[in-house]
Each structure stands twice: as C-alpha cells, then as structure tokens.
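Each remark here refers to the structure printed beneath this line.
Just so you know, residue 1 is the first one in the sequence shown, and it goes up from there. Given the structure is predicted, the values throughout are model-derived calculations rather than measurements.
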Amino acid sequence: MEWPDEYEKLLFRMSTPSIVIDNSSCANATRVMIDSARKQGILLEAVQVLTDMNLSIKKAYISSDGRWFMDVFHVTDINGEKITDDSVLKCIEKSLGTIHYGKLKCIEGLTALELTGTDRVGLLSEVFAVLSNFECNVVEANVWTHNGRIASLIYVKDINHGSLIEDSSKIDRMEEMLRNVLKGDNDIRSARTLVSMAVTHTERRLHQMMFADRDYERKPIIKTSDDHPVVGVHDSLEKGYSAVHIQCKDRTKLLFDVVCALTDMKYVVFHATVNTSRHTASLEFFIRHTDGTPITSEAEKQHVILCLRAAIERRASQGVRLELCTADRQGLLADIMRTFRENGLNVTRAEISTTTSEALNVFYVTDAIGNPSDPKIIESVQQKIGLNELKVKEMPLIYHQKGHKPTWGATASLGNLVRKNLYNLGLINSHF
C-alpha cells in the first residue's frame, strides 16, 4: 500500500526539523529559523547546538504552543559579526537538523569522574594529587564554583594502558580518597563522587550537579560581584502561564544557562523573547510545569528566582584569567595547583584539556577571600611555572558593564508577545 504524498510529507516534517538560515534580512546578525514538531527538551537542544559552536544569541523569538516548535535566533560569531563562512553555515544547518536525536558525549576509552563538595583554597591541588597518585592522566576537566560549593567533571584514563580504568578496586579506593578530600574538615553536607562511562553534555551536567547540590540556597563565602541578575516571576492571566522576567548583563551562553535551569526545575517554555542592547540582556519566558499547570505559590516563585540567579552566576567567573600552554606530563596539574595553593590563589573556574601531548588549560583565580589577586603574586607564580607557559589575560568579558535594575509593572500582554513572535517567524505580516 502506498501512503499519500501529503502524509509522507507530514511524517518527514514531524521527524526532521526545517532549518532556514538568512543573512539578508538583518544588518548585524545571521537569522536562524527552526520549524519542527514539538517535543520535550527541543529548545534546550537547539540552544545547546548554537552555543557549542561559539555563537552569540543576540535576539530570539520562541514559540512552541500547540504541536509545533517555531523559533528564530539572531546570532553572531564571538567577534560580534555575521556568519559568512559557508562551511560554518552548513554545519549549523546540519547540527540543528539532528536535534530530534539527542546524543551523549562520546568518551570512549575514558572514565568520567563527577565531584561535588565544599570549595576551599587548595582543594583542586589535593584532588589532582590523588589522581596523580592513582596514575590517572587527566584528558579533560571542567570546574565550576558557586556560593562555597564546587562541581567538577573530570575525564581520565589509565597512564599505563592509555584507556579507561577497569580495575573496580582501584576505582573504589580512588572514590573514597576523593570523597574524603571533598569533605574537608567542616563540610556540613556529604561530598559526592560518581564514576561513569557515559555522560551528557559537560556544561549541561555541571548545571545538574550544582542544582542537585542546592547551591542556590547557599550564601557566598567569598566576595562576589555586586552586579546580580534581576529576576521576577509573575502570574499571567492569559492561558494560565507564569511569566518570568530576567534582566542582567549580557554574556555568552546566557540563554543556555537559563534554559538549563528551567529544564532542571521541570518547566516547559511555551513562548519567550530575548533581546540584547549594548551589554544588557532582557529575557521573558511564559512557562508551565510539565503537567500543564502554572506556578501557584509565592514560595515556588521565590524558589524559581533563586535557581535562575544561581544558574546565571555560576559562569560569572571571578578573578584573573590565566592560560597555560605547555607539554603534558604526569602530575602536571597537581604541580600547577600546588603552586597556586602555596601562593594563596583560589581557582574559581577551570577549563582543562589535553590534545596529543600538549596541555591547554584556563584558570580563573582570586585571592583566598575573592578579591583580585595581587599582581606581584601572579608574577611570582608565572616565574615558578614559566613565563612562556603561563600567560595572564584580561578579566573575562562575561560581564561588560554595570547594568541597571528594572522596575516591572503589570506583566506584558501574552497576546502581544505571541503576535510579535509570529511576525518574527514570518507567519503574519504585522505584529501591531
């Protein structure tokens, strides 16, 4: 029996997103349009694809009410320019075309270690010393700290065999030692370690780990920036949504971090807009629980506000950016971290990777209480590690300038937002 052509087209559309990339309608950004059957988590997958390609989302119009998911993203490269390279444009189209098929990060031949605990000066020095003693080579690692807590995802392999660690007794002993290191002397919460052979997207997993650790409930133990995101949650009388408003400094991966938090809290985004102006970002979401109900209590509203603030602040690295590029060797990270500890430097975030035999690492450091590090101490550390290997970079351009706190009156009309989104999606002629 042959299926009608229209039915085949419908099946194809439901399983394959339609991607349109337009470089002519916007003067300063590339317009990426996605039309797809709606499914749980598709917004996060789409945003994740764009951020993984180091694209900055300057504007977004999101609509996924009903059975379809129709979004428009205005994106630029890291330099704020339109995307003109044909190979990059084709890669965007191909990657977005597969968002219906979520993939785990391939870590074949590596062992993944998930660590959460109380942050303190010198903690990473002890962690990497343990891994060195167990003859583990760190291939990749990401470390986040927030409100006195630390989360780290570390990929290692056995130095002797160059593959994942298969000795279960060795894994058990290593986990126990790492757990003791993470507990410290005064940890009121139990430290957590997990060994895995498969993991989701690294930064997605770090958000999940810190959310599960309830970092949003903690108070900062070191000095942090005075520029906090402003978050409001309001009732929307139209169609039973809850409206979430966010205003903060614009930075890379902001939308990804916010959508991760909403997903972790089991909310579904039905409509949203994202606008950036100079260095400020304004985001508005209309959400419901996965069961279709809105937020109903003041306590839940406050919970959402705390969680969204935490998700935005986790990536707001404090301190001086140090970049290390040197030949890899056994115990390298343990030695580097010991040098930081001996000079009173606290690592607030780290991105560690090894390509072939070269280590490419980024560290953000402050003094022990979160103040900017003394330049003389930084210079001394450079002398010990090597001036040609350890370079000092400018403060990260995640937050550019001090923003202002908005005042919100009544919630914006959902009808106007939907009409505006439909206009930007090209489905109506005017949104007025």
Side-chain angles (χ1 to χ4, degrees), residues 13-15 17 34-51 57 60-71 73 96 98-104 199-201 203-217 229 231-246 253-274 283-312 314 411-412 414-415 417-418 421 425:
R13 186 184 179 198
M14 290 181 67
S15 61
I34 306 173
D35 182 7
S36 169
R38 178 183 160 202
K39 77 176 185 72
Q40 183 71 22
I42 191 172
L43 173 60
L44 178 55
E45 291 177 30
V47 173
Q48 182 177 301
V49 166
L50 296 174
T51 55
I57 299 174
Y61 308 96
I62 296 160
S63 181
S64 61
D65 213 343
R67 296 180 179 271
W68 298 102
F69 172 83
M70 295 176 286
D71 294 358
F73 299 98
L96 288 173
T98 62
I99 57 176
H100 272 288
Y101 312 101
K103 300 176 181 178
L104 291 177
V199 71
T200 56
H201 182 272
E203 294 179 339
R204 174 81 186 93
R205 184 60 187 147
L206 286 169
H207 273 300
Q208 292 173 333
M209 291 164 62
M210 298 211 90
F211 178 74
D213 194 53
R214 305 173 77 90
D215 68 315
Y216 52 85
E217 294 181 344
V231 183
V233 180
H234 309 280
D235 298 324
S236 175
L237 299 179
E238 301 174 76
K239 293 192 176 182
Y241 294 114
S242 296
V244 177
H245 303 267
I246 300 172
K253 302 188 179 184
L254 174 63
L255 181 58
F256 172 78
D257 293 338
V258 171
V259 176
C260 277
L262 292 173
T263 302
D264 288 340
M265 290 186 285
K266 309 299 183 185
Y267 294 113
V268 178
V269 176
F270 288 87
H271 301 282
T273 58
V274 177
L283 303 88
E284 184 177 34
F285 301 87
F286 287 85
I287 65 173
R288 291 181 187 149
H289 293 103
T290 53
D291 64 3
T293 59
I295 297 171
T296 56
S297 70
E298 188 62 32
E300 186 180 358
K301 289 179 182 179
Q302 292 304 312
H303 176 75
V304 170
I305 290 171
L306 287 175
C307 291
L308 288 174
R309 283 177 178 168
I312 294 169
R314 287 169 194 150
T411 299
L414 175 61
L417 174 63
V418 172
N421 280 358
L425 290 164

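Note that CZ of Arg309 and CD1 of Ile246 are 10.5 Å apart. Values are rounded to the nearest 0.5 Å. To the nearest 0.5 Å, the span separating SG on Cys307 from CD on Gln302 amounts to 11.0 Å. Atom OG of Ser236 sits about 11.0 Å away from atom CD1 of Ile287, to the nearest 0.5 Å. With rounding to the nearest 0.5 Å, the separation of OG in Ser63 from CZ in Phe270 is 10.5 Å.
Shortest non-hydrogen contact noted between Ala243 and Phe286 is CB-CE2, 3.9 Å. In terms of heavy atoms, Ile34 sits closest to Ala46 at CD1-CB, 3.9 Å. Shown here for Leu96 and Pro17, the closest heavy-atom pair between the two residues is O-CG, 3.9 Å.
Among residue pairs with one or both ends in residues 296-308, those qualifying as salt bridge (Lys or Arg N to Asp or Glu O under 4.0 Å) are Asp235-Lys301; sequence neighbours excluded.
A 4.5 Å side-chain heavy-atom check between Gln40 and Thr290 finds at least one atom pair inside the cut-off. Counting heavy atoms from C-beta on, the side chains of Met265 and Leu262 come closer than 4.5 Å. Here the side chains of His234 and Ser242 are not in contact, with every heavy-atom distance at 4.5 Å or above. Within the 4.5 Å cutoff, the side chain of Leu308 has no heavy atoms near those of the Val233 side chain. Val258 is not listed as a side-chain neighbour of Val274, based on a closest heavy-atom distance of 4.5 Å or more.
Side chains of Asp264 and His207: a donor-acceptor N/O pair is absent below 3.5 angstrom, by distance only.
With hydrogens and angles ignored, the 3.5 Å screen pairs a side-chain donor or acceptor of Ser64 with a backbone N or O of Val269. With hydrogens and angles ignored, the 3.5 Å screen pairs no side-chain donor or acceptor of Thr273 with any backbone N or O of Tyr61. Not a single donor-acceptor pair under 3.5 Å links the side chain of Asp71 to the backbone N or O of Asp35.
Partners of Val47 by side-chain contact (heavy atoms from CB on, under 4.5 Å), not counting sequence neighbours, listed by chain and number: Leu43, Thr51, Ile57, Phe73, Leu255, Phe256. In this structure, the ring pair (Phe, Tyr, Trp, His ring centres under 6.0 Å) partners of Tyr267, at least two apart in sequence or on a different chain, are His289. Taking Arg288 as the reference, nothing meets the side chain to side chain donor-acceptor pair (under 3.5 Å) condition, with sequence neighbours excluded. Considering only residues two or more places apart in sequence or on other chains, Glu203 meets the side chain to side chain donor-acceptor pair (under 3.5 Å) condition with Lys253, Arg315. When the side-chain contact (heavy atoms from CB on, under 4.5 Å) test is applied to Ala310, the partners found at least two apart in sequence or on another chain are His146, Asp215, Tyr216, Arg314.
Using bins of under 30°, 30° to 60° and over 60° for the plane-to-plane angle, the ring pair Phe211/His303 lands in the perpendicular bin.
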- Task: Go through the steps for Ile62 and His271 under the test side-chain contact (heavy atoms from CB on, under 4.5 Å), then give the verdict.
- Result: CA-CA 5 Å; Ile62 296 160; His271 301 282; over 6 Å; no
